[in-house]
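Working notes for the structure below.
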Amino acid sequence: MKRILITGATSAIAQETARLFAADGAALLLVGRDSDKLAAVADDLRARGAEKVETEIVDLIDLARCSRLIDEAVEKLGGLDALLVAQGTLPDQAECEADPLKTLFEFSLNAMGPITLLLRGAAYFENRRSGCLAVITSIAGVRGRKTNYIYGSAKATVSTFLEGLRGRLCGTGVSVVDIRPGFVDTPMTAHLPKQALFATPESVGARIYRAMIAGDDVVYTPWFWRWIALVLQLIPRRIFVKLSI
Ligand SMILES: NC(=O)c1ccc[n+]([C@@H]2O[C@H](COP(=O)([O-])OP(=O)(O)OC[C@H]3O[C@@H](n4cnc5c(N)ncnc54)[C@H](OP(=O)(O)O)[C@@H]3O)[C@@H](O)[C@H]2O)c1
C-alpha cells in the first residue's frame with residue numbers, strides 16, 4: 001500500500017495510522033482544514049520515513065471539493081492505492097435537536113462527505129481492480145441511542161453505505177473497510193469524563209493499519225466492542241427506548 005489519501009488527516013487516530021504507513025515508506029496526501037496542524041503532521045510523517053507527503057487545505061463540509069479529491073490524489077501521488085476517511089465531529093445533541101440546519105451540517109460532514117469520497121474512490125479502484133476504501137465510522141452507528149442519535153445515525157448511514165458498496169465491489173479486488181471504534185481518548189472526546197472503556201489513539205490507529213493491509217471488512221476496535229454491539233442489537237426495542245445510554 002504505497003499511495004494513500006487521508007481525509008481528516010489531523011485526526012489523532014488517523015495520525016497514528018499514517019505514522020505506520022510512513023514507516024513503510026508510503027506516499028501520502030493529507031487533507032485537512034487547519035494548515036498549521038496539517039504542516040506539523042506532514043513534518044512528523046516525513047521524519048518517520050514517508051517517501052512523499054503532500055498536503056491539501058480543504059474544509060470537508062464542501063462536497064464539491066470532496067468530489068475532486070480522488071483525482072487530485074491520483075495526480076499528486078502518481079496513482080492511488082488506498083483512501084482513509086477520518087474526518088468527523090461529535091455534535092452537541094441538544095443544539096442539533098433545536099436547529100435542523102445544524103443537524104444537516106453535522107450530517108453532511110459525518111456522512112455526505114465520506115459518501116462523496118467513497119463514490120469517487122470506488123469508481124477509480126473498481127476500474128483498476130485493486131485498492132482499499134477505509135472509513136472510521138463508530139460503535140455509535142450500531143443503534144440509535146437517544147443521547148447521541150444525530151452523530152450515530154450519520155455513522156450508521158456510512159456503515160450501511162459501506163456494506164452495499166462492499167457487495168458492489170465484491171470480486172473486483174477492492175477492499176471496503178468499516179472501522180467502528182468505541183471510546184477513544186482524542187480531542188473529539190476531550191470533554192467527556194474518562195472511564196475504563198477508553199482506548200488510546202495509538203492502539204486504534206494500529207488496528208486500522210492492520211485492517212487496511214489485510215482488507216478486513218468490519219472492524220470493532222478494541223475487539224470487545226464487537227460483543228457490546230451484539231448485546232446492544234439484541235436489546236428489545238421497548239426496553240431500548242427506556243435506557244438512558
Ligand atoms: N474519539 C472517539 O471516541 C471516536 C469513536 C468512534 C469514532 N470516532 C471517529 O474517528 C474519526 C477521527 O476522530 P478522532 O477521534 O481522531 O478525533 P479528532 O482528533 O478530533 O479528529 C477529527 C478530525 O476531523 C477533522 N474535521 C472536523 N471537521 C472538519 C472539516 N469541516 N473539514 C476538515 N476536517 C474536519 C478535524 O480537523 P481539525 O483538526 O481541523 O479540527 C480532525 O482532523 C472521526 O470520524 C470520529 O467520528 C472517534
Side-chain angles (χ1 to χ4, degrees), residues 1 4 6-9 11-24 26 81-90 110-111 114 118 131-145 147-149 151-167 169-170 174-236 239-240 243-245:
M1 214 163 271
I4 305 168
I6 304 181
T7 60
S11 133
I13 297 173
Q15 281 182 60
E16 296 299 334
T17 307
R19 284 176 170 174
L20 297 170
F21 281 119
D24 291 343
D81 302 309
L83 163 70
L84 172 61
V85 179
Q87 72 271 20
T89 49
L90 183 59
N110 284 306
L118 286 166
C132 172
L133 295 163
V135 187
I136 310 180
T137 63
S138 176
I139 183 78
V142 167
R143 272 196 100 166
R145 291 181 295 118
T147 54
N148 197 23
Y149 66 90
Y151 175 75
S153 58
K155 292 295 191 180
T157 298
V158 179
S159 285
T160 303
F161 185 91
L162 288 171
E163 186 168 38
L165 190 60
R166 192 175 300 115
L169 297 175
C170 181
V174 182
S175 58
V176 178
V177 188
D178 179 351
I179 302 126
R180 301 180 182 178
F183 298 113
V184 191
D185 189 359
T186 68
M188 180 177 280
T189 55
H191 61 293
L192 299 178
K194 299 297 171 292
Q195 27 83 350
L197 291 181
F198 268 82
T200 62
E202 289 85 350
S203 67
V204 172
R207 182 68 187 92
I208 294 172
Y209 169 80
R210 292 197 301 276
M212 289 177 70
I213 302 244
D216 291 340
D217 45 24
V218 178
V219 175
Y220 290 91
T221 173
W223 61 270
F224 53 78
W225 285 101
R226 176 177 294 277
W227 302 107
I228 297 176
L230 189 64
V231 171
L232 283 173
Q233 281 161 334
L234 289 174
I235 299 173
I239 296 175
F240 197 80
L243 298 179
S244 296
I245 54 171

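Owing to the predicted nature of the structure, the values given are computational and were not obtained by experimental measurement.
When side chains are defined from C-beta on, I208 counts as touching L84, because their heavy atoms get closer than 4.5 Å. Side-chain atoms of D81 and C132, non-hydrogen and from C-beta on, never get closer than 4.5 Å to each other. Side-chain contact between P181 and I179 is present, with heavy atoms from C-beta onward closer than 4.5 Å. Using a 4.5 Å heavy-atom cutoff, the side chains of I239 and P236 are in contact. Residues I213 and Y209 meet the side-chain proximity criterion, which asks for heavy atoms closer than 4.5 Å.
Each side chain to side chain donor-acceptor pair (under 3.5 Å) pair with one or both residues in residues 181-192, not counting sequence neighbours, would appear here, but there are none. Within the structure, the salt bridge (Lys or Arg N to Asp or Glu O under 4.0 Å) test picks out the following pairs touching residues 206-228 (sequence neighbours left out): R207-D216.
Residues meeting the side chain to side chain donor-acceptor pair (under 3.5 Å) test with Q15, sequence neighbours left out: none. Residues forming a ring-ring contact (aromatic ring centres under 6.0 Å, His included) with Y151 (at least two apart in sequence, or on another chain): none. With sequence neighbours left out, the side chain to side chain donor-acceptor pair (under 3.5 Å) criterion links S153 to no other residue. Contacts of L169 classified as side chain to side chain contact (heavy atoms under 4.5 Å, CB included), with partners at least two apart in sequence or in another chain: A122, E126, L133, L165, T172, V174, V176. Annotation: side chain to side chain contact (heavy atoms under 4.5 Å, CB included) contacts of L234 (sequence neighbours excluded): L230. By the salt bridge (charged side-chain N to carboxylate O under 4.0 Å, His left out) test, R19 is found to be paired with E16, D44, residues two or more places apart in sequence or in another chain being considered. Every residue two or more places apart in sequence or in another chain that forms a side chain to side chain donor-acceptor pair (under 3.5 Å) with R180 is listed here: D178, Y220. For F198, the ring-ring contact (aromatic ring centres under 6.0 Å, His included) partners two or more places apart in sequence, or in a different chain, are F183. When the side chain to side chain contact (heavy atoms under 4.5 Å, CB included) test is applied to S203, the partners found at least two apart in sequence or on another chain are A199, T200. Every residue was checked against the side chain to side chain donor-acceptor pair (under 3.5 Å) condition with S11, not counting sequence neighbours, and none meets it.
For the atom pair L162 CG and T137 OG1, the distance stands at 7.0 Å (nearest 0.5 Å). Considering CG of L192 and CG of L90, their distance stands at 6.5 Å, rounded to 0.5 Å. A distance of 9.0 Å separates CD1 in I136 from OG1 in T7, rounded to the nearest 0.5 Å. Atoms CG and CZ, from L243 and R143 in turn, are 8.5 Å apart once rounded to the nearest 0.5 Å. Taking CH2 from W223 and CD1 from I228, the interatomic distance works out to 9.0 Å, rounded to the nearest 0.5 Å.
When all heavy atoms are compared, the tightest approach of A134 to M212 is CB-CG, 3.8 Å. For the residue pair A211 and V219, the shortest heavy atom distance occurs at CB-CG2, 3.8 Å. Across all non-hydrogen atoms, the minimal contact from M188 to G88 is CE-O, 3.2 Å.
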- Message: If you apply the rule side chain to side chain contact (heavy atoms under 4.5 Å, CB included), what do you find for V158 with N110, and how did you get there?
- Response: CA-CA 8 Å; V158 179; N110 284 306; over 6 Å; no
- Task: Begin with the C-alpha distance, continue with both residues' side-chain angles, and end with the deciding distance and a verdict on side chain to side chain contact (heavy atoms under 4.5 Å, CB included) for F240 and I245.
- Result: CA-CA 9 Å; F240 197 80; I245 54 171; 4.1 Å; yes
